[in-house]
Amino acid sequence: MYYAVIIAILATMVLALARALLGPTVYDRVLAVNMLGTKTVLLIAVVAFFMERPDFLDLALTYALINFIGVLAVLEFFRVRAQRRQAEQKKGS
Amino acid sequence: MAMIVDVLSWVLLTVGGFFVLVGGIGALRMPDLYTRMHAASVTDSLGAMLILVALILQAGFTLAAVKLAATLIFLLFTSPTAANALASAALLAGINPGLATPSRQEPRS
Amino acid sequence: MELLGLYNYWVFAILLMIGFYAVIAKPNLIKKLIGLSIFQSAVFLLYITIGPIENGTAPIFHESVAGRAISNPLPSVLILTAIVVGISTLALGLAIIVRIKEADGAVEENEIRELDRQ
Amino acid sequence: MTLFIVIFLLTMLVIIALAIVQTTNLFAAAMLAGIFSLTSAMIFFLLDAPDVALTEAAVGAGISTVLFLGALALTAEHERAATAGRLAALAVVVTIAAGLFYTSFDMPRLGDPAAPAHLHVAPWYIEKTPEYIHVPNVVTAVLASFRGYDTLGETFVVFTAGIGVLFLLGQAPVGQPKISPAMTFAGKAGLRHYQIPRVVGRLLIPFILLFALYVQFHGDYGPGGGFQAGVIVAASIVLYALLEGEQQARRILSSGMLKVLAAAGPLVYGFTGVACLLLGGNFLDYSVLSSDPVHGQHLGILVIEAGVGITVTGVLISIFHSFAARGSK
């Protein structure tokens with residue numbers, strides 16, 4: 001039964017990767033990264049049971065934390081970029 | 001009793017895997033950014049929740065179950081928040097929900 | 001089956017060369033650094049794939065380990081520290097690029113070379 | 001099954017790497033680099049290296065993405081120039097790849113128990129760790145005790161890199177137009193206007209710090225240790241800086257304090273070694289630290305892991321501040 005879930009997660013990872021490669025907007029890529037992060041958490045949790053090493057779930061927890069920080073960093077990057085563009089437009093006009 | 005828990009856990013795992021897969025297909029196939037985001041984030045939370053609950057049932061009362069529960073709670077908080085943040089950033093950047101207007105022009109960057 | 005066991009070395013070779021290509025052929029300095037980190041990851045991958053033993057488990061003793069073969073801990077030790085050192089050197093590289101951008105106004109190799117010629 | 005998952009993920013890795021090199025959008029490249037790191041960490045986990053996977057998780061997906069974005073905000077987002085000398089580069093690359101492929105046929109296959117790497121020193125470490133050091137995690141035992149010298153060196157490398165970044169970016173730039181703090185990465189306000197992430201993020205920070213302490217002190221028993229814990233603490237401060245603005249984060253943990261932290265780690269580590277010398281042992285031979293050699297080893301590992309954690313925290317946060325505050329002074 002673990003097999004079915006692992007295969008479903010791996011297939012989803014491929015789909016998310018395809019979205020990251022296709023784009024077209026930057027937000028799609030960020031969405032794909034976020035999705036892949038969640039899938040990584042799930043895959044690690046399932047595989048830890050599959051490999052009979054449930055003591056390694058710390059990793060899944062770390063991913064859940066770090067992934068969030070990555071998305072917020074991207075958001076901040078967008079905010080800075082938008083601010084600069086506005087300032088440039090003001091200068092131009 | 002153990003049997004019931006086992007069966008329940010397998011059912012949850014399968015359903016969770018199904019939702020995860022549906023989310024992936026939605027993220028790839030939906031026509032514009034916001035529908036893709038919708039497909040990805042909702043099923044992400046639901047599928048992750050089901051799979052992690054199934055694993056908690058498998059683990060029983062152990063440290064592993066506590067860690068899984070912590071992961072579950074973290075995901076429940078962060079995953080919708082990240083989706084919301086991303087959607088609002090996209091909206092502020094001026095990307096129109098494509099389905100709302102006849103012309104579906106997304107700025108490429 | 002026998003050949004599949006060598007797949008990790010092929011991926012190592014391909015990744016190493018993709019990273020190397022980015023370093024030597026791409027004029028953008030940030031792209032070069034990303035290439036360098038791919039190169040680095042390829043080396044990490046080579047070391048880590050040396051570690052595991054068939055049907056073995058990670059080198060951390062636990063009640064679930066009893067009787068199972070233990071994988072090699074040494075590649076993990078080497079690569080663990082290498083990753084943290086890698087991020088430090090990456091930061092140093094990015095800092096140098098930021099200074100180059102401030103001094104020359106460019107992060108492309110050919111533009112910087114032209115500025116040097118003037 | 002594990003082998004097939006690994007092969008699948010390795011193939012994905014190659015596709016991602018090709019996409020990174022091919023795209024001219026550096027932001028997309030940074031995002032793909034994050035995915036690359038996630039995938040490779042999963043491979044590390046599957047190949048019985050959970051310690052490495054934990055480090056790669058914290059470093060690759062978190063800190064390195066933040067650093068790339070900080071640097072991109074200061075430079076340019078798009079690659080402009082075309083690839084020069086592509087054919088020559090391709091020729092070189094293909095030749096070397098062919099050589100590497102040829103040599104791969106002499107290598108032991110993945111997971112071969114008779115591979116030379118598993119026959120010489122590795123069994124000794126696995127066999128003697130319970131006897132000499134008595135911690136479950138062999139990786140921590142080798143890292144902190146058997147090969148403590150190497151880790152001391154690595155700690156100094158991290159410290160030196162931090163000093164280097166501070167040298168390069170610490171002083172305000174000369175003759176550059178000043179940018180208002182609102183327009184630098186994380187600058188004055190950060191994401192203060194995004195209420196939902198702000199509330200959730202602030203809620204999570206204490207738990208992240210708690211988890212970091214768990215990783216730090218549980219490193220003898222499971223995956224974890226000073227390097228990983230340091231990165232996670234740094235990530236939590238970065239999260240705070242993103243939410244409340246970099247200036248506010250500096251008020252909580254000042255630059256001077258960070259420099260002290262960065263320097264304190266190698267000092268703690270080095271003086272542990274000196275203490276061993278003074279108590280009559282060899283440098284970094286922790287057995288003499290207590291009347292019971294095994295207990296002495298535990299104490300030594302605890303102290304030097306704390307030193308490593310402090311250094312990594314101080315250096316990574318200093319680096320983040322240097323990138324974030326650049327140009328706004």
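Residue numbers start from 1 in every chain, and the chains themselves are labelled A, B, ... in the order their sequence lines are given, proteins ahead of strands.
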Under 4.5 Å from any heavy atom of chain B, what part of [X] do you find: side chain, backbone, both or neither?
| X | answer |
| --- | --- |
| A/Ala64 | both |
| A/Leu75 | side chain |
| A/Tyr27 | both |
| A/Ile6 | neither |
| A/Val30 | both |
| A/Ala4 | neither |
| A/Leu61 | both |
| A/Ala18 | both |
| A/Val74 | neither |
| A/Asp58 | both |

Within a reach of under 6.0 Å around CZ of B/Phe18, are more than 12 heavy atoms found that belong to other residues, nucleotides or ligands? no
Residues, nucleotides or ligands: over 12 heavy atoms within 6.0 Å of B/Phe77 CZ: no
Out of [options], which one racks up the most heavy-atom pairs below 4.5 Å with chain A?
| options | result |
| --- | --- |
| B/Ala40, B/Ala54, B/Ser88 | B/Ala40 |
| B/Ala82, B/Ser79, B/Gly17 | B/Ala82 |
| B/Leu13, B/Leu55, B/Leu72 | B/Leu55 |
| B/Ala27, B/Ala90, B/Gly23 | B/Ala90 |

Between B/Ile25 and chain A, which part of the residue has a heavy atom less than 4.5 Å away: side chain, backbone, both or neither? both
Chain A heavy atoms under 4.5 Å from B/Ile51: which part of the residue, side chain, backbone, both or neither? side chain
Pairs where residues 52-74 of chain A contributes a residue and the test ring-ring contact (aromatic ring centres under 6.0 Å, His included) is met, not counting sequence neighbours: none
Under the side-chain hydrogen bond (donor to acceptor under 3.5 Å, both in side chains) test, which residues partner B/Ser45, sequence neighbours left out? none
Measuring from atom [atom1] of [X] to atom [atom2] of [Y], what distance do you get when rounded to the nearest 0.5 angstrom?
| X | Y | atom1 | atom2 | result |
| --- | --- | --- | --- | --- |
| A/Thr62 | B/Phe74 | OG1 | CZ | 10.0 Å |
| A/Leu31 | B/His38 | CG | NE2 | 12.5 Å |
| B/Thr78 | A/Leu65 | OG1 | CG | 8.0 Å |
| A/Leu22 | B/Leu28 | CG | CG | 6.5 Å |

Among the options A/Gly37, A/Ala16, A/Ala45, pick out the one with the most heavy-atom pairs lying under 4.5 Å from chain B. A/Ala45
Taking all non-hydrogen atoms of both residues into account, name the closest pair between B/Ala48 and A/Leu42 and its distance. CA-CD2, 3.7 Å
For B/Met30 against A/Arg19, the heavy-atom pair lying closest together: O-NH2, 4.3 Å
Beyond-backbone contact of A/Thr12 with B/Val22, side-chain heavy atoms, under 4.5 angstrom: no
Using side-chain heavy atoms (C-beta onward) and a distance below 4.5 Å, is A/Leu57 in contact with B/Thr71? no
